[in-house]
Protein chains: 2
Amino acid sequence: MGLVVQKFGGTSVGSVERIKKVAERIARTQAEGHQVVVTVSAMGKATDELVALATDISDAPPKREMDVLLTTGEQVSIALLSMALMELGVKACPMTGWQAGIQTDSIHGKAKIEHIDTAHIQKALNRGEVVVVAGFQGVSPEGAITTLGRGGSDTTAVALAAALNADCCEIYTDVTGVFTADPRMAPKAQKLQEISFEEMLELANLGAGVLHPRSVECAMTHRVPLVVRSSFENEEGTWVKEAEQMEEERQVRGVAHDLEVARIKVMGLPNRSEHLTLLFNKLANAQINVDMIVTSEHEDERINVAFSVHQDECEQACEEIQSNRDELGYLNVISETGLAKVSAVGAGMVSHPGVAARMFTTLSQSGIHIKMISTSEIKISCVIPQEKATQAVQELHTAFGLDVKTDELATVR
Amino acid sequence: MGLVVQKFGGTSVGSVERIKKVAERIARTQAEGHQVVVTVSAMGKATDELVALATDISDAPPKREMDVLLTTGEQVSIALLSMALMELGVKACPMTGWQAGIQTDSIHGKAKIEHIDTAHIQKALNRGEVVVVAGFQGVSPEGAITTLGRGGSDTTAVALAAALNADCCEIYTDVTGVFTADPRMAPKAQKLQEISFEEMLELANLGAGVLHPRSVECAMTHRVPLVVRSSFENEEGTWVKEAEQMEEERQVRGVAHDLEVARIKVMGLPNRSEHLTLLFNKLANAQINVDMIVTSEHEDERINVAFSVHQDECEQACEEIQSNRDELGYLNVISETGLAKVSAVGAGMVSHPGVAARMFTTLSQSGIHIKMISTSEIKISCVIPQEKATQAVQELHTAFGLDVKTDELATVR
């Protein structure tokens with residue numbers, strides 16, 4: 001008998017039929033003897049429809065009012081799911097963010113959870129009810145309705161699990177778990193039985209859409225075991241947990257990719273730290289996210305700076321740099337789109353220095369030109385031409401021994 | 001400079017375009033120097049769509065969950081209307097029921113407002129904001145979301161006006177005011193400039209859909225002047241106010257009708273009060289609303305009891321009576337559908353005893369058979385055959401001098 005937090009995303013509650021299926025799954029969990037707290041997102045396209053209404057009224061709808069508008073989507077879901085549970089004879093209690101005691105800061109549109117007052121939830125659990133909490137939302141110190149921004153419902157689930165000291169947090173989604181690579185890119189991708197928080201965080205940051213980085217970070221901080229599994233199928237999912245509790249360490253756990261990368265080279269920047277600071281401050285103030293940064297020597301006490309950005313922000317970044325040409329004092333700026341980033345992630349990298357070498361060898365043997373490199377303790381990323389991305393993911397997947405099913409690994413290694 | 005509460009119904013906020021029009025009207029009111037609190041209903045068909053989702057899940061959706069579901073409709077409206085106001089440069093603050101301090105009892109689906117804690121609204125008004133409150137909703141002592149049931153948004157508006165001590169409460173709707181009769185029935189119907197609370201309450205109870213009886217009762221109790229006017233046109237509406245403040249008293253202010261009436265006659269009931277009590281207790285326990293009651297003598301210490309009900313409840317009422325035949329001890333029961341009720345309402349009736357006589361004369365001269373009569377101090381109602389209803393309304397409208405415009409009356413009388 002334990003306490004389980006379950007999260008169901010928009011696809012999982014996308015229709016009345018699916019809501020009924022979700023209710024059946026929750027009922028089974030309760031029947032197994034668990035206390036259950038559920039977090040749900042808005043139904044399928046509900047949020048998009050609400051956004052469309054708002055943009056019909058204003059080109060830039062005010063954020064506080066957007067929060068009032070969008071939170072109705074999850075409120076509809078908690079009402080319908082609670083009804084479906086009661087229809088199955090399961091006692092349920094729907095709670096909006098403010099009713100569940102989810103207290104956030106006042107940054108509308110991307111609020112952070114500051115504290116969860118669990119008294120109301122605990123009372124309902126003590127009455128034997130399944131508590132159905134609206135994801136993605138909370139209430140500010142001023143009593144205003146807030147939303148948590150992207151990935152918000154995952155974060156709600158993990159934060160609830162942490163506050164309630166739950167035994168685990170189950171994230172139900174439209175895939176069966178976390179894979180060694182995107183199966184659409186690498187047909188031999190295998191579902192992982194387990195992955196460490198650190199590895200998952202890197203993968204999430206590198207574009208694996210299955211979990212939002214913020215929710216992984218929250219789970220890691222509060223040591224909440226996560227499991228990612230399918231709402232539609234019954235197979236085991238992927239456990240995300242602490243590295244020391246993992247059964248086996250692998251040099252490379254997975255290969256991630258991002259197909260929307262651009263590179264900007266600023267040539268001949270004066271080699272003084274204030275110019276480098278100024279350059280990246282200008283970009284930060286323009287809300288442009290810079291990813292990888294590489295510098296190299298030019299001549300005459302100047303340097304070249306190359307960095308990568310999301311391709312949608314490339315044009316704006318170049319304009320920002322060009323409009324500050326006099327102040328920055330560089331000679332030339334060049335941008336290049338049509339690039340991709342492939343990354344290998346694995347906690348075992350730290351103790352196996354050969355991983356980087358194997359990555360470069362694999363790519364160069366396949367004739368793939370590496371344009372930028374960046375590394376962390378558990379990750380190596382390379383920027384390459386976009387049209388080579390699929391090939392690169394597949395070659396790396398094979399080279400790092402990921403084509404084999406996890407349970408066959410003992411034999412292979 | 002005063003405080004005005006404005007209420008806009010579902011038709012008035014039925015589309016983004018209409019919401020923008022409503023915002024313009026509110027902006028004008030504020031520009032005239034008033035503080036403004038607005039109450040809105042859900043957009044057009046929004047509530048029906050939510051109900052359809054719920055009934056897809058459950059044949060009898062639980063009421064607490066229905067309240068969580070339905071209140072999202074008004075929440076969408078307050079968000080969009082606030083955005084539209086801000087787009088016009090008007091500072092606005094959207095508030096759900098719980099944010100506006102609307103405290104109700106715990107009867108889900110038809111809660112009553114017990115108290116309004118206006119502190120949050122007052123603060124926003126002091127900041128110079130237009131406060132946009134979700135109608136039809138509140139919060140129970142347990143912190144659950146409640147709805148006020150039918151006519152709820154009108155009641156929210158009036159209760160807010162009372163709690164805030166507003167100068168008046170404006171009800172914007174899809175008609176231009178309260179008419180002397182339904183213009184679809186009586187083409188010569190005139191818009192009234194004013195009507196007393198008591199008269200309006202009778203008209204509302206008699207089926208004039210423009211205001212819900214509960215909101216009129218609330219306005220009467222708290223002496224809140226009401227005005228009913230069109231959201232779409234700029235003409236003056238109808239003022240609903242205290243009788244002593246009215247410019248002129250009229251014998252008959254308006255003619256109302258109800259086309260869905262049935263009559264049930266219980267023949268030969270034992271003439272003892274416990275049998276009469278038992279009969280109407282049985283009907284009340286079966287949730288059947290009895291309207292008019294007439295008794296007449298039978299023979300052998302028995303009486304005949306005739307009463308009217310809504311035609312949809314006629315069959316159930318007869319079954320209830322027949323299944324208790326032994327206990328009630330009556331001889332026979334007869335029902336008749338296809339009836340209508342026409343009523344004349346006017347505060348001046350008390351001092352003009354000729355009104356009843358004129359009503360009966362008019363109907364009988366037109367060959368309309370009167371099946372039942374009921375009177376109050378300011379109302380006379382007659383049950384007649386349904387197919388004569390239109391004719392009856394027109395004849396009475398003429399007979400009571402209502403065909404003439406209000407401002408021409410001075411000459412006529």
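Below, chains carry the letters A, B, ... as their sequence lines are ordered, and counting in each starts from 1.
Only the side chain of Ile19(A) comes within contact range of chain B, with heavy atoms under 4.5 Å apart. Residue Ile145(B) touches chain A through both its backbone and its side chain, counting heavy-atom pairs closer than 4.5 Å. Looking at Met83(A), the atoms closer than 4.5 Å to chain B (heavy atoms on both sides) sit in the backbone and in the side chain alike. For Met95(A), no part lies under 4.5 angstrom from a heavy atom of chain B. Using a 4.5 Å cut-off between heavy atoms, Val132(A) does not touch chain B at all.
At a threshold of 4.5 Å between non-hydrogen side-chain atoms, the residues Val37(A) and Leu125(A) count as touching. Side-chain atoms of Val224(A) and Val5(A), non-hydrogen and from C-beta on, never get closer than 4.5 Å to each other. Between Val133(B) and Leu160(B), some side-chain heavy-atom pair lies under the 4.5 Å cut-off. In this structure, the side chains of Met43(B) and Leu80(B) come closer than 4.5 Å at one or more pairs of heavy atoms. Leu211(A) places a side-chain heavy atom less than 4.5 Å from the side chain of Ile171(A).
The side-chain contact (heavy atoms from CB on, under 4.5 Å) test applied to Ala23(A) returns Leu81(A), Ala84(A), Leu85(A), Leu88(A), not counting sequence neighbours. Listed by chain and number, the residues in a side-chain contact (heavy atoms from CB on, under 4.5 Å) with Ala79(A) are Val68(B), Leu69(B) (sequence neighbours excluded).
A ring pair (Phe, Tyr, Trp, His ring centres under 6.0 Å) check over residues 38-60 of chain A, counting only residues at least two apart or in different chains, returns nothing.
Considering only heavy-atom pairs separated by less than 4.5 Å from chain A, the leading option among Ala144(B), Pro94(B), Ala60(B), Pro61(B) is Pro94(B).
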Short of 3.5 Å, which donor-acceptor contacts do chain A and chain B share? List atoms and distances.
unit_1    : atom_1 : unit_2    : atom_2 : d
Lys20(A)  : NZ     : Asp56(B)  : O      : 3.1
Asp56(A)  : O      : Lys20(B)  : NZ     : 3.1
Ser58(A)  : OG     : Glu87(B)  : OE1    : 2.8
Arg64(A)  : NH2    : Ala92(B)  : O      : 2.6
Val68(A)  : O      : Gln75(B)  : NE2    : 3.0
Thr71(A)  : OG1    : Gln75(B)  : NE2    : 3.1
Gln75(A)  : NE2    : Val68(B)  : O      : 3.0
Gln75(A)  : NE2    : Thr71(B)  : OG1    : 3.2
Glu87(A)  : OE1    : Ser58(B)  : OG     : 2.8
Ala92(A)  : O      : Arg64(B)  : NH2    : 2.7
Gln99(A)  : NE2    : Gly143(B) : O      : 2.9
Gly143(A) : O      : Gln99(B)  : NE2    : 2.9

Working for side-chain contact (heavy atoms from CB on, under 4.5 Å), residues Leu164(B) and Ile121(B): CA-CA 9 Å; Leu164(B) 293 163; Ile121(B) 294 179; 4.1 Å; yes
